[in-house]
Amino acid sequence: NIDRLAAPKWFKMELLLLLSSLVLITFNPAQVQAKAQRNVLLIGVDDLRPDISGPYGQEYVKTPNIDRLAAKGTTFLNAYCQVALCSPSRTSLLTGLRPDTTKIWTIGPYFRTTMGAEAGNAVVTLPQFFKNAGYFTTGAGKIFHAGTSSGGPSRDEGGGDGGYPFRKNGSWSEPYFFCDQFYNGTLQSPVAQAWPGDAAGCIQSDECLQCMQAHDSLGGKHAWRAAPCNASCYPDGAVADKIVSVLQELDKTPSKQPFFLAAGFKRPHLGWMAPSQYFDMYNVSDVAIATNRVPPAGMPPIAFSQNGELCGMDDVTCKKNKDGYMLLPDDRHAEMRRAYYSVVSFMDSQLGRVLDALEATSFSDNTIMVFWGDHGYQLGEHGQWCKITNFELATRVPLIVVSPDQTTRGSVSTALVEHLDIYPTIVDLAGMQVPSTLMGRSLAPLLKDPSDIGNYNVSFSQITRDRSMGISMRTMDYRITRWGSFDHVVGKPLFNESAQWELYYHKNDTEMNFDEFENENLAVNPDYKQTLQELQALLEKLWI
């Protein structure tokens, strides 16, 4: 009984109503502010897969502060993004709408444009909802994907949906504090690039630049670099500095206005740059590499990403194998994994600073916290690196939810949930009515009873390949993926045309063993013909 998969169907029906009458949707702050006294701390992390310690069963990667956060709330072991790529994933999470509605499947387009002026401008983002409800909304770092993807003036700068140039009717109560990093090691923000007007964001000090220059961490496009420089020389340190400062100022303010505060950490996104001390935590000779370093047997070639992100780094040379797949040489896998783990531990240390600052305030016991990764990540499994696939490791994300009155602290849930569920969950936990236009569902019932999975038993992801689209459905037992033609104008798979299929068995998975996932495409196995046909029909029925 896959009731959850009715979601895309009712979502499509509500979309028709949304497009015809979206301008009529309003939020009355006076009606909700009286109940909306809980604060919100939203913590997003770039490129973080659930290969972390604590409830995920991973003991090698050192993340004491993620563990600390998990001990306060509920960890969702089977959470999935809508698209394993930064901008479309974040757009879906922050709008509460599926990619086929926002028309955002890649980096660059902006949902308020792709949806059309009327429907696009009527969308209320997650921080905007709280702003409309009387909250003070602010943040730092990567929450929206910056640049044109979120309304910015250039491909990579500003935006953040009204964060720069600042829009009073946008998502934030004040100009947004941008903080990213170019591959050459310099910090990236509108103010660092000397953009005019109300630009805000991080800037490297002269001492930082001198330190990084002295240790070959400026210039070029390197996969990783370590330097004995201060944490604030890197975006995650600068973001933590800002968030800590905001929390301290809010605690000093006599105002009773609740806040919505977003913290966006850059690492572990490539290039993997961090202070040397975090690289010293891992010995490359001790790092285990993936055992399944080849594509799944029977996989259609379109499912493979060709590893362009990692293979495009200056100091990385990949080679095509006999089947035409671009692969990283085996002798560099441990090196790259060590770098990834090192910057994860660096990010975790900065998360710890934020948690310390929150706990030191008078409102720490009245703050909802949600920790999420924007998509998963592949570290050599199937020969894949980074994201941009529909595989389990690219679509599965870390997700931890903490509610002030939670009685199930330190719990885990195996329910299948989605990024789309984050928006309605936070609204629900804040005591407000969840907008009917949102396409996810509140996870609040699972905080009360994490084992009561009910119909939280399916998730959907997708990734575009030129004119084709891979649409993927994850059930409790299987993942089925269809690669075929797609109408990008209306946002709909062309089910009447031929397609290539993948089918993977997940019933006997463990959360701990990342090498066991999806190593054989059962869609080409005659023994699974009936199962494939049943899931094909279900996917088509529930996607449209």
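- Between H382 and F391, the two ring planes are tilted [angle within 30° to 60°].
- In this structure the side chain of R441 reaches within 4.5 angstrom of the side chain of Y456, judged on heavy atoms.
- Between T91 and T102, the side chains place no donor N or O within less than 3.5 Å of an acceptor N or O (distance only, hydrogens not considered).
- If you run ring pair (Phe, Tyr, Trp, His ring centres under 6.0 Å) between F486 and each of W543, W105, F495, only W105 comes through.
- Using cut-offs of 30° and 60° for the angle between ring planes, the Y135 and F130 rings count as perpendicular.
- By the 6.0 Å contact criterion, CD on Q530 is open, its count of non-hydrogen atoms from other residues, nucleotides or ligands being 12 or less.
- Checking each of K266, R90, K387 against D374 for a salt bridge (Lys or Arg N to Asp or Glu O under 4.0 Å) leaves exactly one that passes, namely R90.
- With T113 contributing its side chain and P109 its backbone, the two residues share no donor-acceptor pair below 3.5 Å.
- Checked by atom type, the side-chain pair S472/R479 shows a donor-acceptor distance below 3.5 Å.
- Between the side chain of N390 and the main chain of G470, a donor-acceptor pair closer than 3.5 Å is present.
- Ring geometry for H506 against F517 counts as tilted: the plane angle lies between 30° and 60°, on a 0 to 90° scale.
- For R98 and E418, the salt-bridge test passes: some basic side-chain N is under 4.0 Å from an acidic carboxylate O.
- Panel note: side chain E381, backbone L379; a donor-acceptor pair is recorded below 3.5 Å.
- Shown here is D365, whose CG atom has no more than 12 heavy atoms of other residues, nucleotides or ligands within 6.0 Å.
- Within 6.0 Å of CG in D405 there are more than 12 heavy atoms belonging to other residues, nucleotides or ligands.
- For the pair R482 and E540, the salt-bridge criterion is not met [side-chain N within less than 4.0 Å of a carboxylate O].
- Counting only N and O atoms by type, the side chains of D477 and T475 include no donor and acceptor under 3.5 Å apart.
- Using a distance-only test at 3.5 Å, with no hydrogens or angles considered, a donor-acceptor pair links the side chain of Q378 to the main chain of C386.
- Other residues, nucleotides and ligands contribute over 12 non-hydrogen atoms within 6.0 Å of the CZ atom of R409.
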From CA spacing to verdict: ring pair (Phe, Tyr, Trp, His ring centres under 6.0 Å), Y176, F144
CA-CA 11 Å; Y176 192 77; F144 286 90; 7.9 Å; no

Might you work through the side-chain hydrogen bond (donor to acceptor under 3.5 Å, both in side chains) test for T138 and S173, ending with a clear yes or no?
CA-CA 6 Å; T138 190; S173 301; over 6 Å; no

